Amino acid sequence: MRYSQMLLPTTRETPSEAEVVSHQLLLRGGFIRKLSAGVYTYLPLGLAVIQKVAQIVREEMNRAGAQELLMPMVQPADLWRESGRWQKYGAELLRFTDRHDRGFCLGPTHEEVITDLARRELQSYRQLPKNLYQIQTKFRDEIRPRFGLMRGREFVMKDAYSFDVSDEAAGLSYQKMFDAYHRIFKRCGLEFRAVEADTGTIGGSFSHEFMVLARTGEDTLVVCEQCSYAANVEKAAIAPPETGAAPPASVREMARVSTPGVKKVEQVAGFLGVRPADIIKTMIYLVDGDLVAALVRGDREVQAVKLKNLLGATEVELADDKTVYEKTKLPVGYLGPVNLPLKVVADQEVMAMVNCVAGANEKQYHLTGVQPGRDFVPFLAGDLRQVTAGDPCPSCGGPVQLTEGIEVGHIFKLGTAYSEAMSATFQDSDGSEKHFVMGCYGIGVSRIAAAAIEQNHDRHGIIFPLPVAPFQVILLNLGLKNEATTRAAEQLYHDLQDRGVEVLYDDRDERPGSKFQDADLIGIPYRITVGRTYEKEGRVEVRRRRDGNTETIEYDQAAATVAGMINRELAAMAG
RNA sequence: CGGGGCGUAGCGCAGCCUGGUUAGCGCGCCUGCCUUGGGAGCAGGAGGUCGGAGGUUCGAAUCCUCUCGCCCCGACCA
């Protein structure tokens, strides 16, 4: 491609709307332009990156035995009513009606459509297993789109769905995807971890997220320092505390103490001369419309997703003080589990506490000597709190670390949730009718582009991993006015293309400085310069974007040498 | 949806508080000269319903009301 003919609008200044580096560089480098909040046009260079990622995904999915198809973006409401998600999915599902007043939605995911297809086309166990995937634009009416391609409302996603005869067979399909995902992200040049994850609204029993490690990540991961355990904090389990440690003699009676104006855990601890760990923190959540009290130790935090899962709820959010007061007339700030007229759920750790301090449900008063089990009995006790750095790993007991990640892939074991809801069955070898055992597997293709940049950039711009770079080589002609130099550059441009190298030929009438800056900004892995060195010595310069290493090469050798470097590097990354 | 902020030329911003010429500046863009190894220089030029609507006023980018859009912080997710 000739740069002079390409729509590649780079800018020197960073648009004020961009906060994170990937967003800034994608805008500055002329990869994307915003049309509306969370909705972007992919300019030629941006599209090239998307297509590179998509092709890697496609190759590895095919290698794993999956087949590509393409489903409609517009989906009938009836299908979603069948699965029950028309109600469940919420405002993120963009709904609309056609001229006949029939309900439709823009597909945020395709379990319904694929399950409908499967029940029509798959009748026999002989047709299984099947794994079907597509690479398509999805739409989710995100509450808050942000960070450019990291969280758009419209985005390119690969979604795959597997159908199996049994749970065991589905496990195999899952494992195949697990392995394929490792290959995909490795080939994309990403540093990532697979972590145990919450299943969210998609539902199902078991799932892994694939996380690109980056400071700007929106998810927090728990990673063990000693073993391979890794999980999303939303999910990361905490081993139950050892019980029976408290000697009975030390158990005191409950007492009411005046604590005027003292509300926060820190204040209470200071005022009463106890540790935060001796206090029971009572947090009020709105769980599917009802108020629920969640108890954790004073020095811990409630993990809302864990609470949600423990209660089997669909929606959980922290209730604000106003709501709590209006609904219960209880004194916010002085709440405690003793005689609390709300459903109480306790973290397992709370049940092991002795002689605790808790709110008295009375303004300006707390209780001391509170004994869980004696003075109150929770509706449920379980793992509720968020893991903190240094907590013991649930797998090996070693200390865990917290780190940030960008979710680029998510695989789920769905079981028969959808096939049952939508009556999708096949006939098994013994003649019996069975529901498909399903799995679903997503990859955020456009998000990978953003994640790759978050992980690979410097102050000059992007440093694309070779396999996802929009071009492999940028060829700079710095001697446009010199006929011989230009002839040589043009010839090299063709020679590289003949060898299958993807090359952007900068033939613009620009000063060298601008060309260097643009080349760095858009992150092409290899840069070849034809200019002064060619005129003096008949040599060209080859520079690697990542480390700035530069060598000069005899002009005649240049195309072959660079093509060889690229092929070797690609082969190494493909594993 | 709750909280915070911003809409002035393609991009980055000033002007607004304290209303009053023809609304400025830098970058970019166009023309010419000059220059050519890390975003040069000189000269000339184009480009604005000041997000939109209504109001106050002799007069509104500026004050008031409404509205739309966008960004940031929380709950959702590839």
Side-chain angles (χ1 to χ4, degrees), chain A residues 9-20 23 27-28 33-39 57 89-93 108-109 135-160 181 197-202 209-212 218-219 232 234 285-286 304-305 308 314-320 322-323 406-412 440-451 460-461 476-482 485 509-521 527 529-536 541 543 548 550:
Chain A
T10 58
T11 63
R12 199 186 311 206
E13 276 163 313
T14 304
S16 55
E17 69 184 47
E19 185 78 3
V20 300
H23 190 193
L27 286 169
R28 283 191 56 210
R33 287 294 183 261
K34 184 176 67 186
L35 181 62
S36 175
V39 179
V57 170
Y89 212 92
E92 219 167 286
L93 188 63
T109 175
I135 297 172
Q136 191 211 31
T137 298
K138 294 277 190 277
F139 191 93
R140 292 181 190 175
D141 200 354
E142 290 282 342
I143 298 165
R144 183 150 92 84
R146 58 183 145 177
F147 300 155
L149 293 191
M150 288 236 304
R151 176 176 300 277
R153 292 193 293 173
E154 201 176 284
F155 57 96
V156 179
M157 178 173 165
K158 186 280 308 180
D159 48 325
Y181 273 40
D198 182 63
T199 49
T201 40
I202 304 244
E209 284 168 335
F210 288 78
M211 295 285 190
V212 167
E218 297 183 85
D219 290 273
N232 196 307
E234 293 176 348
Y285 280 82
L286 205 52
V305 174
K308 182 172 96 174
T314 50
E315 223 174 298
V316 167
E317 62 174 324
L318 196 58
D320 57 274
K322 219 190 309 165
T323 310
I406 301 165
E407 182 186 359
V408 290
H410 202 158
I411 60 180
F412 301 82
C440 83
Y441 317 95
I443 288 183
V445 172
S446 41
R447 184 180 280 182
I448 284 178
H460 298 291
L476 305 188
N477 178 358
L478 297 190
L480 267 172
K481 299 278 155 54
N482 182 318
T485 308
D509 183 15
E510 289 286 341
R511 302 169 60 82
S514 303
K515 295 193 176 196
F516 290 136
Q517 297 289 346
D518 279 333
D520 284 351
L521 176 61
R527 186 182 83 192
T529 307
V530 183
R532 212 175 253 168
T533 315
Y534 176 76
E535 285 154 26
K536 287 183 187 152
E541 287 166 29
R543 183 176 196 266
T550 308

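Side chains are part of it too, since the values below use all heavy atoms of this structure and drop only hydrogens, waters and symmetry mates. In what follows, every chain begins at residue 1, and chains take the letters A, B, ... in the order their sequences are listed. Computed from a predicted model, the values in this text were never measured in an experiment.
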Of the nucleotides [options], which has the atom closest to the [X] side chain?
{"X": "A:Gln517", "options": "B:C76, B:G12, B:G39", "value": "B:G39"}
{"X": "A:Arg12", "options": "B:U35, B:C77, B:G39", "value": "B:G39"}
{"X": "A:Glu218", "options": "B:G39, B:U35, B:C76", "value": "B:C76"}
{"X": "A:Glu13", "options": "B:G12, B:G37, B:A78", "value": "B:G12"}
{"X": "A:Glu19", "options": "B:C72, B:G37, B:C76", "value": "B:C72"}
{"X": "A:Arg146", "options": "B:C77, B:G37, B:C76", "value": "B:C76"}
{"X": "A:Lys34", "options": "B:C71, B:G39, B:A78", "value": "B:C71"}

Identify whether any heavy atom of [X] sits under 4.0 Å from a base atom; if not, whether one sits that close to sugar-phosphate; answer base, sugar-phosphate or nothing.
{"X": "A:Glu142", "value": "base"}
{"X": "A:Phe147", "value": "sugar-phosphate"}
{"X": "A:Gly548", "value": "nothing"}
{"X": "A:Thr14", "value": "sugar-phosphate"}
{"X": "A:Glu541", "value": "base"}

Watson-Crick/G-U partner (both atom distances under 3.5 Å) of B:G48
none
What is the distance, to the nearest angstrom, from the [atom1] atom on [X] to the [atom2] atom on [N]?
{"X": "A:Leu476", "N": "B:U36", "atom1": "CG", "atom2": "P", "answer": "18 Å"}
{"X": "A:Phe412", "N": "B:A78", "atom1": "CZ", "atom2": "C1'", "answer": "9 Å"}
{"X": "A:Arg144", "N": "B:G4", "atom1": "CZ", "atom2": "C1'", "answer": "11 Å"}

Are any of the side-chain nitrogens in A:Glu142 or A:Arg151 under 4.0 Å away from the carboxylate oxygens of its partner?
yes
Kindly confirm whether the side-chain ring of A:Phe155 is stacked on the base of B:A78, judged by centres under 5.5 Å and planes under 30°.
yes
Say we look at [N] and [M]: how far apart would their [atom1] atoms be, to the nearest angstrom?
{"N": "B:C70", "M": "B:G32", "atom1": "C1'", "result": "40 Å"}
{"N": "B:U36", "M": "B:C72", "atom1": "C1'", "result": "43 Å"}
{"N": "B:A75", "M": "B:G2", "atom1": "C1'", "result": "10 Å"}
{"N": "B:A60", "M": "B:U22", "atom1": "P", "result": "13 Å"}
{"N": "B:G4", "M": "B:G41", "atom1": "C1'", "result": "45 Å"}
{"N": "B:A46", "M": "B:G69", "atom1": "C1'", "result": "28 Å"}

Listed by chain and number, what are the side-chain contact (heavy atoms from CB on, under 4.5 Å) partners of A:Glu234, not counting sequence neighbours?
A:Asp198, A:Asn232, A:Gln303, A:Val305
